[in-house]
Engineer: 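Take a look at this one; I'll ask things after.
Below, chains carry the letters A, B, ... as their sequence lines are ordered, and counting in each starts from 1.
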Number of protein chains: 2
Amino acid sequence: MTEAAPAAMTRIQQKNRDLILEGALTAFSANGFRGATIDQIARAAGLSKPNVLYYFASKDEIHKTLLTTLLEMWLDPLRRLDPQGDPLSEVLAYIRAKLMMSRDFPRESRLFAYEILQGAPHLTEVLGGGLRQIVDDSAAILGRWMDEGRLRRVDPHHLIFSIWALTQHYADFDAQVRAVLGASRDPIAEAEGFAEDLYRRLLAP
Amino acid sequence: MTEAAPAAMTRIQQKNRDLILEGALTAFSANGFRGATIDQIARAAGLSKPNVLYYFASKDEIHKTLLTTLLEMWLDPLRRLDPQGDPLSEVLAYIRAKLMMSRDFPRESRLFAYEILQGAPHLTEVLGGGLRQIVDDSAAILGRWMDEGRLRRVDPHHLIFSIWALTQHYADFDAQVRAVLGASRDPIAEAEGFAEDLYRRLLAP
DNA sequence: CCTGATCCTGACCGTTTGGTCAATATTCCG
DNA sequence: CGGAATATTGACCAAACGGTCAGGATCAGG
């Protein structure tokens, strides 16, 4: 309903909608849905508040559009698990990809973190639908590798959870990580080595 | 300054402050700091809004009091790492304790999650001070065990981060875990087995 | 250059929210 | 009991916020 006719869109529309979503990503990821104001979003986008509402009917719609747009990108690495590939390499590549996303797209990570913390009011359909499907599919691939003895047997769903938890931790709880580690260290670079070691140990048959 | 004279406190004061903090924990952990309103807190506590402000000068002070009060309890399991104990048992016991806290105190977990997501504006001193100290101390214990060859060598800080990430994931992202796993499963009970396997593999020398 | 569609904004509105205050009720204690 | 200390509340306030709207600026196409 929000994207009924995406075909017809002016250059200006395209540009301003992008600006708004970009500003909204910054605002929502910094303060959560309720903490972010339309004024903040407008300022970050370089537009006036009424102009923002000219392109999006409500704050809610901006948020929803952001979530659904970014979810695609967010889950992409999991979809890339290649059933034909080498199991351990595939898993380690996935972990590396997720860590790089925490490094390069921390705002996106925090956006989802806020949403899920809140009980995912805007994502319930997606969570129980598309997400679950993708996770189940990936878990099935992992399970098959385990059946074949090419990966140690563990619960595939919890394996995925643990990878999410660990990799997103460095984006979501960055403030804590930095406070504990100090300013001079590079948390994510270090995490790469740690995570590889961890999951190699766990999964090597 | 907030707790200048804790000695003098009426029964009524004690009871109502507790009620308020209890209600605030529910409100803040469900909606974050900005998402929670004093009215919500008051209703949850069974008091009127002005009465809540009679016991706490501001919403901010309620939040700060909650955080500092609960941080103690939250970090307690880490303090319990016994340098004299069996290394692997100690770590596994810590993990089990953290998982039980995710099960029994999910509100506390989410309260901290929100705060740190936001950049920990109310915890900066604590993070860089007390927390860092405790983590460094624990990391030192773990490091010594590794020196002695009683634990496999990994980065102690990232080991702690990974335990936090995994165990708190089940409280903070409960909505997602439940959506993916379905209603009939018991995530945390399953996680216990998974986590023990994971860290036994990683750390057994 | 004209005109209709698109784009943009200042001013405004109703509601919510954090917080205040004067007045009243309740408790405590000599 | 009586009065001081403590506790409680309805009414209120100013600021912030999401959202509206009428009117003006700008742009695209003929």
Engineer: Quick one: list whatever passes salt bridge (Lys or Arg N to Asp or Glu O under 4.0 Å) with A:Arg178, sequence neighbours left out.
Structural biologist: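 Here the qualifying residues are A:Asp174.
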Engineer: Over its full length, what angle do the end axes of the helix from C:dC1-D:dG30 to C:dG30-D:dC1 make, each axis taken from five pairs and the result rounded to 10 degrees?
Structural biologist: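 Answer rounded to 10°: the end axes differ by 10°.
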Engineer: Of all residues at least two apart in sequence or in a different chain, which pass the salt bridge (Lys or Arg N to Asp or Glu O under 4.0 Å) check with B:Glu190?
Structural biologist: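 Here the qualifying residues are B:Arg185.
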Engineer: Would you jot down, in residue-number order, the residues of residues 28-39 of chain B having a non-hydrogen atom under 4.0 Å from DNA chain C?
Structural biologist: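 By residue number: B:Ala36, B:Thr37, B:Ile38.
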Engineer: Would you say the side chain of A:Phe173 lies within less than 4.5 Å of the side chain of B:Trp164, judging by non-hydrogen atoms?
Structural biologist: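 No, their side chains stay 4.5 Å or more apart.
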Engineer: NE2 of A:His169 to CG of A:Leu99: how many Å apart, nearest 0.5 Å?
Structural biologist: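 Taking NE2 in A:His169 and CG in A:Leu99, the distance rounds to 11.5 Å.
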Engineer: Could I get the full list of side-chain contact (heavy atoms from CB on, under 4.5 Å) partners for A:Ser58, not counting sequence neighbours?
Structural biologist: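 Here the qualifying residues are A:Asp60, A:Glu61.
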Engineer: Do A:Asn51 and A:Ser48 have side-chain atoms, one donor and one acceptor, less than 3.5 Å apart?
Structural biologist: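 There is no such pair (donor and acceptor under 3.5 Å, judged by atom type) between the side chains of A:Asn51 and A:Ser48.
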Engineer: Residues two or more places apart in sequence or in another chain: which of them pass side-chain contact (heavy atoms from CB on, under 4.5 Å) with B:Ser29?
Structural biologist: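 Expected list: B:Arg107, B:Arg110.
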Engineer: Does any part of the side chain of A:Gln176, heavy atoms only, come nearer than 4.5 Å to the side chain of B:Leu127, both counted from C-beta?
Structural biologist: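 B:Leu127 reaches A:Gln176 side chain to side chain.
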Engineer: Can B:Tyr94 and B:Ser138 be counted as having a side-chain donor-acceptor contact under 3.5 angstrom?
Structural biologist: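 No, B:Ser138 and B:Tyr94 have no side-chain donor paired with an acceptor closer than 3.5 Å.
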Engineer: Could you give the side-chain donor-acceptor pairs of residues 68-75 of chain B under 3.5 Å, partners two or more places apart or in another chain?
Structural biologist:
{"residue": "B:Thr68", "atom": "OG1", "partner": "B:Lys64", "partner atom": "O", "Å": "3.0"}
{"residue": "B:Thr68", "atom": "OG1", "partner": "B:Thr65", "partner atom": "O", "Å": "3.2"}
{"residue": "B:Thr69", "atom": "OG1", "partner": "B:Thr65", "partner atom": "O", "Å": "2.6"}

Engineer: Residues in ring-ring contact (aromatic ring centres under 6.0 Å, His included) with B:Phe33, at least two apart?
Structural biologist: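 Listed in chain order: B:Phe28, B:His63, B:His122.
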Engineer: Nearest-nucleotide wise, let me know which of A:Pro50 and A:Thr10 is further upstream toward the 5' end of DNA chain D.
Structural biologist: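 Nearest nucleotide further toward 5': that of A:Pro50.
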Engineer: Report the residues that fulfil side-chain contact (heavy atoms from CB on, under 4.5 Å) with B:Gln40, sequence neighbours left out, ordered by chain and then residue number.
Structural biologist: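 Per chain and number, B:Gln40 pairs via side-chain contact (heavy atoms from CB on, under 4.5 Å) with B:Ala27, B:Asn31, B:Ala36, B:Thr37.
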Engineer: By nearest nucleotide on DNA chain C, pick out whichever of B:Ser58 and B:Arg11 is the more 5' one.
Structural biologist: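 The residue mapped nearer the 5' terminus is B:Ser58.
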Engineer: Identify the 5'-most and 3'-most nucleotides of DNA chain D with at least one atom closer than 4.0 Å to a non-hydrogen atom of chain B.
Structural biologist: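 It runs D:dT6 to D:dC17.
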Engineer: Could you tell me the boundaries of the chain B footprint on DNA chain C, defined by atoms under 4.0 Å from its heavy atoms?
Structural biologist: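 For DNA chain C, the relevant span reads C:dT17 to C:dC28.
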Engineer: Listed by chain and number, what are the ring-ring contact (aromatic ring centres under 6.0 Å, His included) partners of B:Tyr170, not counting sequence neighbours?
Structural biologist: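 If we apply the ring-ring contact (aromatic ring centres under 6.0 Å, His included) test to B:Tyr170, skipping adjacent residues, the hits are A:His158.
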